[in-house]
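Every chain is numbered from 1 and lettered A, B, ... according to where its sequence line falls, protein lines coming before strand lines. Side chains included, hydrogens not; waters and symmetry mates left out as well; all remaining heavy atoms used.
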Amino acid sequence: MSWNVNSIRARHGRVIDWLRRHEPDIALLQETKCSDAVFAAGGFVDDCAALGYAVAHHGRDHWNGVAILSRVGLVDVCRGFPGPNRPPFDEARLIGATCAGLRVWSLYAPNGRTLADSHYLFKLVWFERLRATVAAAADVHVLAGDFNVAPTDLDIYDPVRWRRLTHASPPERAAVAALGDIGLRDVTREHLPDAGVFTWWSYRPGQVERNNGLRIDLALCSPPAADRVQRVWIDGDERRAVLASDHAPLVLDLAD
DNA sequence: ATGGTCGTGTAACGA
């Protein structure tokens, strides 16, 4: 399961409740929006432990923040990219770990803000470093999280409107496609090929009801992992709940 | 074409 929770403090109860109901082996969280110290003090780790989950978190301040929860082992934790993470790569956007022989990465890509913003250029550079990192590794990977890119027009409720916004530009799409070029497969699209499949809906009124969403949360799998995926589903009920994140959980069922 | 809402060092800012 992968889920941008938009603040673990705001979503603490909903996340624990979701884990209790669905019992995923591995949960990849994004946008915890807190430092490691605040995360450790908030009681979330204890609540996870009571459900049998080990937890690894990477957070530096009140922005970004990523985590991996696992009840099938959690070793070789890597916070940030391998090697130096000098600014702006010091933002907490990536954490990796090995769980039950699977190398999983929870990622929160830069938003980009606007096509004219320097943050947009950082987004493209960040994706290139991600690609190089995966290309250099030998493990079986599941790379999941908030990519902040809608890979095709099918992933946007109104592609024309989004043509002048970030998340849909050709360079952003090329950055995601480059991950496909090194063998990673977008398993959501393999299992859910239809239009109207989204993972994010704005908090603004009426967006959820009209299914005005984007598919920007992805699970990219290396071939051995992708071949194990039996089902992919998106928990829209969670997004429609009171006090929900603006992102829905993205769930993969893997064969043993 | 604009604005609508959430989240975060309660004040702009980020998404």
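- Of the charged side-chain nitrogens involved, at least one lies within less than 4.0 Å of a carboxylate oxygen, so that Asp155(A) and Arg189(A) count as a salt-bridged pair.
- Rounding to whole angstrom units, CG of residue Asp61(A) and C1' of dG9(B) are separated by 10 Å.
- Between the C1' atom of dA15(B) and the CG atom of Asp117(A) lies a distance of 13 Å, rounded to the nearest Å.
- You'll find that the side chain of Arg113(A) is closest to dG14(B), out of dT8(B), dT5(B), dG14(B).
- Regarding contacts with the backbone of dG7(B), a side-chain N or O of Arg11(A) is found under 4.0 angstrom from either OP1 or OP2.
- Counting heavy atoms of neighbouring residues, nucleotides and ligands inside a 6.0 Å radius, atom CZ of Arg21(A) exceeds 12 of them.
- Within the 4.0 Å cut-off from OP1 or OP2 of dG3(B), not a single side-chain nitrogen or oxygen of Arg204(A) is found.
- As rounded to the nearest Å, dG3(B) and dG7(B) have P atoms that lie 22 Å from one another.
- The C1' atoms of dG9(B) and dG14(B) are separated by 14 Å, rounded to the nearest whole Å.
- In this structure, the CD atom of Glu91(A) is 11 Å from the P atom of dG14(B), given to the nearest Å.
- Of all nucleotides listed (dG4(B), dA15(B), dT8(B)), dG4(B) comes nearest to the side chain of Pro205(A).
- Nucleotides dA1(B) and dC6(B) are separated by 23 Å at their C1' atoms, to the nearest Å.
- In this structure, the separation between CG on Leu74(A) and OH on Tyr53(A) is 12.5 Å, given to the nearest 0.5 Å.
- At least one side-chain nitrogen or oxygen of Ser7(A) sits closer than 4.0 Å to the OP1 or OP2 atom of dT8(B).
- Within a 6.0 Å sphere centred on CZ of Arg185(A), heavy atoms belonging to other residues, nucleotides or ligands number more than 12.
- In the model, Trp18(A) has a side-chain atom that pairs as donor or acceptor with a side-chain atom of Asp235(A) under 3.5 Å.
- Asn111(A) comes within contact range of the sugar-phosphate backbone alone, with a heavy-atom separation under 4.0 Å but no base atom that close.
- Taking atom CG of residue Asp158(A) and atom P of nucleotide dT2(B), one finds them 16 Å apart after rounding to whole Å.
- Taking atom CZ on Arg161(A) and atom C1' on dG3(B), their separation rounds to 10 Å, with Å as the unit.
- The shortest distance between the side-chain N/O atoms of Arg9(A) and the OP1/OP2 oxygens of dG9(B) is below 4.0 Å.
- Between the CD atom of Glu31(A) and the P atom of dG7(B) there is a distance of 12 Å, rounded to whole Å.
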